[in-house]
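What follows is a set of notes on a single structure, which appears directly below.
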Amino acid sequence: MSSLETLAESVLLPGFAGTSAPDWLRRRLGAGLGGVILFGRNVVDDEQVARLTAQLRAERDGVVVGIDEEGGDVTRLDAATGSFVPGPLALGAADDPELTAAVATAIGERLAACGITVNLAPCGDLALSPEDPVIGVRAFGSDPVKASPHVAAYVTGLQKYGIAACVKHFPGHGAATEDSHLALPVLPRTEDELRATELVPFAAAIRAGVRSIMTGHLVIRAWGDEPATLNRKALTEVLRGELGFTGTVITDALEMGAVSGAYRRHDGLGDAAVRSLAAGADALCLGGAAFDADVLDRITEVVVAAVKSGRLPLERLAEASARTAALGEAPTFARVGPVDHRIGLEAARRALRIRGNPRLDGPPLVVDVWEEPTIAAGPVPRGLGPHLSELVPGTHVLNVSGADVAEVLEAAQGFRSVVVVTREGHRNPRVRALLAALGESAANLIRVETGVPGPDDEGDRIDTFSGSYVSLRAVAESLAA
């Protein structure tokens, strides 16, 4: 491999399949591949992840190992059980930046023990649109003034153990009404609106010393027709020039629909790689899908050709390589032990918002309403039933998909208390119909909302702002008390 090919590969962060590194990946890492992004498919438990990262690092010092461990809905280490800490919206509801910093420190300590070098978190996005399909509880809130101290606190806490934080998705996904995994969102925002709202948390993160920022596949018409990931105005003029960011810019996954769909031209991912590098991005995330050597070969070829043709300056590629390498320093903290739920439970308890007087009248029927997870979160287990069954003998659990009203009403017969667990149920007509029917038939209906609460939610209910393991545990404790 030529020195130019090595330089081109040094900015690539692909995903892969399996819980150990395939031979082709180990060879590429040894030859200079920048690093990898880990997903739930790569995780069994913390001990296995620590062995995996040691295996990767054995090929070359300085390998970047990234992961999405936001807490709450988006977790990779706890993909089989649900997160050990509540998510950002729950932390925003608790409204204690010191608590947010403590939760982030717990995440950073655990990631360091697993050998991770960069966490693709937190979200600096704001929850600005009720139609936003992908951020929701991943944001610390909708008010930039209130959310920004939590973004900064998360960055400070996470980076305590040497893990690089990566605030995402610049310039802010919260006003979008489309999922960039599938399509290309166009934000209906002016530059002045962005400066007054979306950019505020990112500026706070930069002041807190965040080491990396992830781009969003979002179009701002005032900046042109290219999404921020491919947009020089966004990355070089605004992020670096106006906001003064000097760290590493990581792209959101280039194979996502917003880029590989609307913006795939010529040589596909290779073309997107060149355009993002030219715009000012440094590390290129290719992690959503499990790539193989042939795909990396083609991307590398296109980047090398762009340098040779003058389309991508060699100096820009070298700069991106150096900034990517800065995220590869292995953390020195090495203890791997049992997951400690104490700080997560404390935060989850403090985040609960109890409306009315939700109290059990005998063993309940728990109706866990299953909703299709977002692509970002994936199929992480959720459910109050197992927790309440443990604490209240005689609890009956019904897991439903599609909220079959007749099935639930039949199951509810004989129970004085019915607990319905929803996720943004106000957005689902079938869930609203179920709640209305139960409200007429159940003597004691308790609603548990794990997403962003709706504007018209009424009655006895508990809002968790998170579907994490600890958030549901906190609800069970409250109801069983």
Salt bridge (charged side-chain N to carboxylate O under 4.0 Å, His left out) evaluation trace for Glu226 with Arg275: CA-CA 10 Å; Glu226 299 278 15; Arg275 292 162 65 210; 2.8 Å; yes
Looking only at heavy atoms, what is the nearest atom pair of Pro14 and Gly35, with distance? CD-O, 3.0 Å
Using distance alone, with no hydrogens and no angle criterion, decide if Thr422 and Arg447 have a side-chain donor and acceptor under 3.5 Å apart. yes
From the options Ile107, Thr105, Ile116, Leu111, select the one residue that forms a side chain to side chain contact (heavy atoms under 4.5 Å, CB included) with Tyr161. Thr105
Can you find a pair of side-chain heavy atoms, one from Cys123 and one from Glu70, that are under 4.5 Å apart? yes
Within the 4.5 Å heavy-atom criterion, are Val419 and Leu365 side-chain neighbours or not? no
Evaluation steps, side chain to side chain donor-acceptor pair (under 3.5 Å), between Glu69 and Thr75: CA-CA 5 Å; Glu69 195 62 41; Thr75 176; 2.6 Å; yes
Main-chain N/O of Gly451 paired with Glu424 side-chain donor or acceptor, under 3.5 Å: no
Is it true that Thr229 and Thr215 share a donor-acceptor pair across their side chains at a distance under 3.5 Å? yes
Mind checking the CG-CG spacing from Leu384 to Leu472? Nearest 0.5 Å is all I need. 6.0 Å
Glu242 and Glu191, any side-chain heavy atoms less than 4.5 Å apart: no
Donor-acceptor pair, Ser212 side chain versus Thr248 backbone, under 3.5 Å? no
Report yes if some heavy atom in the side chain of Val367 is under 4.5 Å from a heavy atom in the side chain of Val418; otherwise report no. yes
Heavy-atom pair of closest approach, residues Thr53 and Cys114: OG1-O, 2.7 Å
Determine, stepwise, if the pair Asn399 / Trp370 fulfils side chain to side chain contact (heavy atoms under 4.5 Å, CB included). CA-CA 7 Å; Asn399 295 296; Trp370 184 86; over 6 Å; no
Ile37 side, atom CD1; Arg76 side, atom CZ - distance, nearest 0.5 Å: 10.5 Å
Provide the closest heavy-atom pair for Gly383 versus Pro386 in the form atom of the first, atom of the second, distance. O-CD, 3.8 Å
What I want to find out is whether Arg350 reaches Glu346 closely enough, with some N-O distance under 4.0 Å, to be called a salt bridge. yes
His387 side, atom NE2; Ser389 side, atom OG - distance, nearest 0.5 Å: 10.0 Å
What do you reckon, is CZ of Arg232 surrounded by more than 12 foreign heavy atoms closer than 6.0 Å? no
Please report the closest heavy-atom contact between Val155 and Val210, naming both atoms and the distance. CG1-CA, 3.7 Å
Could you tell me whether a side-chain N or O of Arg355 sits under 3.5 Å from a main-chain N or O of Arg461, the two making a donor and an acceptor? no
Has Arg110 got a side-chain atom pairing as donor or acceptor with Asp46's backbone, closer than 3.5 angstrom? no
The criterion is side chain to side chain donor-acceptor pair (under 3.5 Å); which residues satisfy it with Arg416, sequence neighbours excluded? Asp361
Across all chains, not counting sequence neighbours, the ring pair (Phe, Tyr, Trp, His ring centres under 6.0 Å) partners of Phe140 are His150
Shortest non-hydrogen contact from Cys166 toward Ile250: SG-CD1, 3.9 Å
Is there a side chain to side chain contact (heavy atoms under 4.5 Å, CB included) between Ile163 and Val118? Walk through the geometry before answering. CA-CA 5 Å; Ile163 304 298; Val118 57; 5.7 Å; no
Tell me, do Asn428 and Leu434 make a side-chain contact under 4.5 Å, heavy atoms counted? no
Distance (rounded to the nearest 0.5 Å) between Asp271 CG and Ile299 CD1: 11.0 Å
Distance-only, no hydrogens or angles: does the Thr450 side chain make a donor-acceptor pair with backbone N or O of Gly467 under 3.5 Å? no
Is a side-chain N or O of Gln159 found less than 3.5 angstrom from the main chain of Gly209, in a donor-acceptor match? yes
The reported gap from CG in Leu230 to OG1 in Thr251 (rounded to nearest 0.5 angstrom) is 9.0 Å
With heavy-atom distances below 4.5 Å as the criterion, would you say the side chains of Arg473 and Glu390 are in contact? yes
Not counting sequence neighbours, which residues clear ring pair (Phe, Tyr, Trp, His ring centres under 6.0 Å) with Phe202? List them please. Phe170
Residues in side chain to side chain donor-acceptor pair (under 3.5 Å) with Thr395, at least two apart? none
Side chains of Val238 and Leu194, heavy atoms from C-beta outward: is any pair under 4.5 Å? no
Apply side chain to side chain contact (heavy atoms under 4.5 Å, CB included) to residues Leu187 and Ile220 and explain how you reach the verdict. CA-CA 6 Å; Leu187 295 192; Ile220 307 296; 3.6 Å; yes
Trp223 backbone acceptor or donor facing Asn231 side chain under 3.5 Å: yes
Going through the checks in order, is the side chain to side chain contact (heavy atoms under 4.5 Å, CB included) test met by Arg221 and Val186? CA-CA 8 Å; Arg221 290 301 186 198; Val186 178; 3.7 Å; yes
Of the non-hydrogen atoms in Pro171 and Ala228, which two are nearest, and what is the gap between them? CD-CB, 3.8 Å
Pair Arg138 + Asp68, salt bridge at N-O below 4.0 Å: no
Exam field: side chain Ser468 to backbone Ser471, donor-acceptor pair closer than 3.5 Å: yes
Do His169 and Asp125 have side-chain N/O donor and acceptor atoms under 3.5 Å apart? yes
Going by atom types alone, do Glu449 and Thr464 pair a side-chain donor with an acceptor below 3.5 Å? no
Give, for atom CG of Leu120 and atom CD1 of Ile67, the distance between the pair rounded to the nearest 0.5 Å. 8.5 Å
Mind checking side chain to side chain contact (heavy atoms under 4.5 Å, CB included) for Ala437 and listing every partner two or more places apart, or none if nothing turns up? Val405, Leu409
Looking at side-chain heavy atoms only, is the closest gap between Val36 and Leu13 below 4.5 Å? no
Could you list the residues that satisfy side chain to side chain donor-acceptor pair (under 3.5 Å) with Gln48, not counting sequence neighbours? none
Could you tell me whether the side chain of Asp252 and the main chain of His217 form a donor-acceptor pair under 3.5 Å? no
Short side-chain to backbone donor-acceptor contact, Ser276 and Ala273, under 3.5 Å: yes
